[in-house]
Each structure stands twice: as C-alpha cells, then as structure tokens.
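As the structure is a prediction and not an experimental result, all values here were calculated from the model. When a ligand or atom number is given, it counts from 1 through the structure's own listing order.
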Amino acid sequence: MTSPDANRSLRPDTVAITAGRVASGSSLAPALFATTTWESDGLADANRRATGTRASQFYSRYANPTVRSFEEAVAALEGAEDAIAFASGMGAIATVILALCSSGDHIVAQKQLYAGTLAFLQGPCQRFGITTTFVDAREPGSFAAAIRPGKTMVVLAETPSNPRLDLVDLDEIGGLRGPITVVDSTLATPLGQQPLAHGAHLSLHSATKGIAGHNDATLGVVAGERELTDAIWAYSVLHGATASPFDALNGLRGMRTLAVRTRQQAETAQFLAESLYNHPAIAAVHHPGLPSHPQFDLAKRQMRNAGTLLSIDLAGGRPAAERFLDAIQVARVATSLGGPETLICHPATSTHASLSPDEAAFAGVSAGLLRISVGLEDAEDLLHDLLGALTPAKSTD
Ligand SMILES: *Cc1c(COP(=O)(O)O)cnc(C)c1O
C-alpha cells in the first residue's frame, strides 16, 4: 500500500476490535479450544512442541490458542510485545513476583494496595524471605527513595488505587532505574492509561474486572517486553495459575465492548461524583475527575478518563453505611468492579477487613467509606437510588 496513511497506527478503540484474532482462522468470534492436550506426529514433533518457548499446541498449562488470542489482544492494547494470561489477577501478581524475586530480595510497593496484594507481600513473600518496603504513593520521589541498589528487584505500583482512588505518577515509575517496575492498572483498564508508554516494564490487570467486564470470568494478565514475559512464562508453567480458555474467551468478548462501556461508566461516575459532592450526609467524595482530588492534574495527564469508580465517605460512619446498603435498590451490594451492574461495597468490613487499624487509616478505609463501581444503568436512576439511600425514609416505629 502506498497511501499516505499507510503507517498510520490504529487508535485504541479500533485495536480493541481488531486485535487477538490470529488463532481463530476465519471464524469471526474467537474459537474456544476446550482442550488440555494436542496430538503429536511422533517423537520429533512431540519434542518440538514440548521444548519451545511458550510452547503451543502441546499442553494447555503451557499455552492454549484461545488464551493466546486474549493475550495478543491485551498486548496490542498495552503497546506491548507480548502478554501472559492467568487464572486471576492474584494469579498474575503472585506469579510475577515469585518469577522475579528470590529469598533475600527486596520489593518496593505502595501502602495503598489491593488488599490481596498487600496480604501476599506481607504473608507468603515475607515467609520466603522477600521483604517489602511500603511507601506513600502520593508522595513524589517515595518509590525512588526506598530502592536499595542491587537488592530491590521489583517496584509495584497500583493506580488508581483501591478504594480511595489515589494515583501514582506513571512518569515517575517509568523513570526508575534498576528494579523491574510493575503497574497494577486494573482500575484504569488498558484503554484508560498505558503504563508501558510511560516507561514501566510490566502492566498488570485483574481482567476479572473491566476487561472481561460482565462478572462472569476470573482472569488476570500481564503485558510487557517479550524477554520479560518469556521469563515469567517459564516460571508460570510451574506455578500453574493458568487462565481457563473459557474465561479467556469471555475476556476477549469483553474487550470488544471495553471502549464504549468504560466511556459510559466514566461519564456516569463523573456525573455521580459531581452530583454527590456537596451532599450534607457525605464527608468526602473521592474521584480523580473532581477538581478537589489532590491529583486532579495528574489524572488529566496520564488517564484517558477519570475512571469508572468513585468512593464516598459517609459522615455518619458505619451505622450510616449500614443504613445506606440496606436502602439501595438499583445498585447492588457486592465486591468486584467494572461490570454492567453498579456495585457498592463497604471496604472496612469486606475487601479490606484484613487490614490493621493503621493500614486501614492510611489507605483511607474509614468506617463510613463506600466504594462504588459504576455500571451501565441510566445515570439519573442511579443518582435517584443513591440519594434515596442517603436520606432513608423515616421508620414508622
Ligand atoms: C480485583 C483486583 C485484583 C485481584 O484480581 P482477582 O482477579 O480477583 O484475583 C488485583 N488488583 C486490583 C486492583 C483488583 O481490583
């Protein structure tokens, strides 16, 4: 092709549609390879299948064409050479850390972390002699200051972070030298920000959330340079947190509508955050799209939208949160995020119940905090639901 636009690269919303189709032949929808093993044509062929890097059509713990299609699609969206899928987001996190770190090694991570990640670093990693220094991600320079040259193997950042939606400056993470830098980008989705474009080594997702997007698949993925993903793959076949082909299929299906879903969800999240901002029953609304967010400018710099979540801190503490969850009707009380249903959880007693009082205070998990994952319902219906729950009808007794 000689058209002047021959080298024009496709935009992300288009890539979400075009990517990850190689393994499906001419089938428009991804083909589901529900198989654990492949037949070989004798010894030499079996040997070839068994020994290649990311060995394909050998055994599904090593690779599976449906999973590979999902991995290719995520890699394309992240601007990465390759990606590896896992059985869950935690499967991705545990595999990456254990693939890269040995006893005696050191990790720098932020204090504002998904509670499962925090528990993994403080529990099993500590037990295996892998120590972690936790820093305040909002503090410029805090990651760099905690790096111990020659000892720190991994820097782990999560942005936006769970549940208060603090941000980490991706340029700062990308500028760190020495350790492998890993960004848990789950809350932004691959369409919301591109950690690799800022210089991070690995971008990681719980694809259970926005990517699969329908609360029907448990899935994780990490994307980066092939040298690194191949090394992680070599360990991953022993760790065994392998993505199911069926979940990968749902991940790929979710990706096709990711752009339109996140755009709508982010728009509603912004509307709800602005509408609730001055409510007398609410002490604080946390959303990166509000000018009151301490990192509002950073959000504008590194995110395509301000995300699909908000959290609200009820002035009345836990009793108010309890009344609120009893009163909501359209939104549902559940953990997880990024799906079509608006989900509300009370982190202090659910997702973050394992945190010590100090850790909870630091992460902003107060007694009145509610995390809202905005779904695809009508925005006015949601606002009406939330406002109704903030001022519950007077009891008649
Ligand atoms: C949910 C989540 C995880 C863990 O993912 P699973 O798929 O539940 O294992 C990790 N990080 C973040 C930010 C999450 O929201």
Could you tell me if T186 and D184 have a donor-acceptor pair between their side chains, going purely by distance under 3.5 Å?
yes

If you measure only the distance, is there a donor-acceptor pair under 3.5 Å linking the side chains of H106 and T152?
yes

Considering only heavy atoms from C-beta outward, does the side chain of S244 approach that of T218 to under 4.5 Å?
-> no

Contacts of H293 meeting ring-ring contact (aromatic ring centres under 6.0 Å, His included) (sequence neighbours excluded), chain-then-number -> none

Under a 3.5 Å threshold, I'd like every N/O contact between ligand 1 and protein atoms, with atom names and distance.
unit_1: ligand 1; atom_1: 5 (O); unit_2: S206; atom_2: OG; d: 3.0
unit_1: ligand 1; atom_1: 7 (O); unit_2: G89; atom_2: N; d: 2.8
unit_1: ligand 1; atom_1: 7 (O); unit_2: S206; atom_2: OG; d: 2.8
unit_1: ligand 1; atom_1: 7 (O); unit_2: T208; atom_2: OG1; d: 2.7
unit_1: ligand 1; atom_1: 9 (O); unit_2: G89; atom_2: N; d: 3.0
unit_1: ligand 1; atom_1: 9 (O); unit_2: M90; atom_2: N; d: 2.8
unit_1: ligand 1; atom_1: 11 (N); unit_2: D184; atom_2: OD2; d: 2.7
unit_1: ligand 1; atom_1: 15 (O); unit_2: K209; atom_2: NZ; d: 2.8

Taking the side chain as everything from C-beta on, heavy atoms only, tell me whether H214 gets closer than 4.5 Å to R261.
yes

Nearest heavy-atom approach of L390 to I282 is CD1-CD1, 3.8 Å

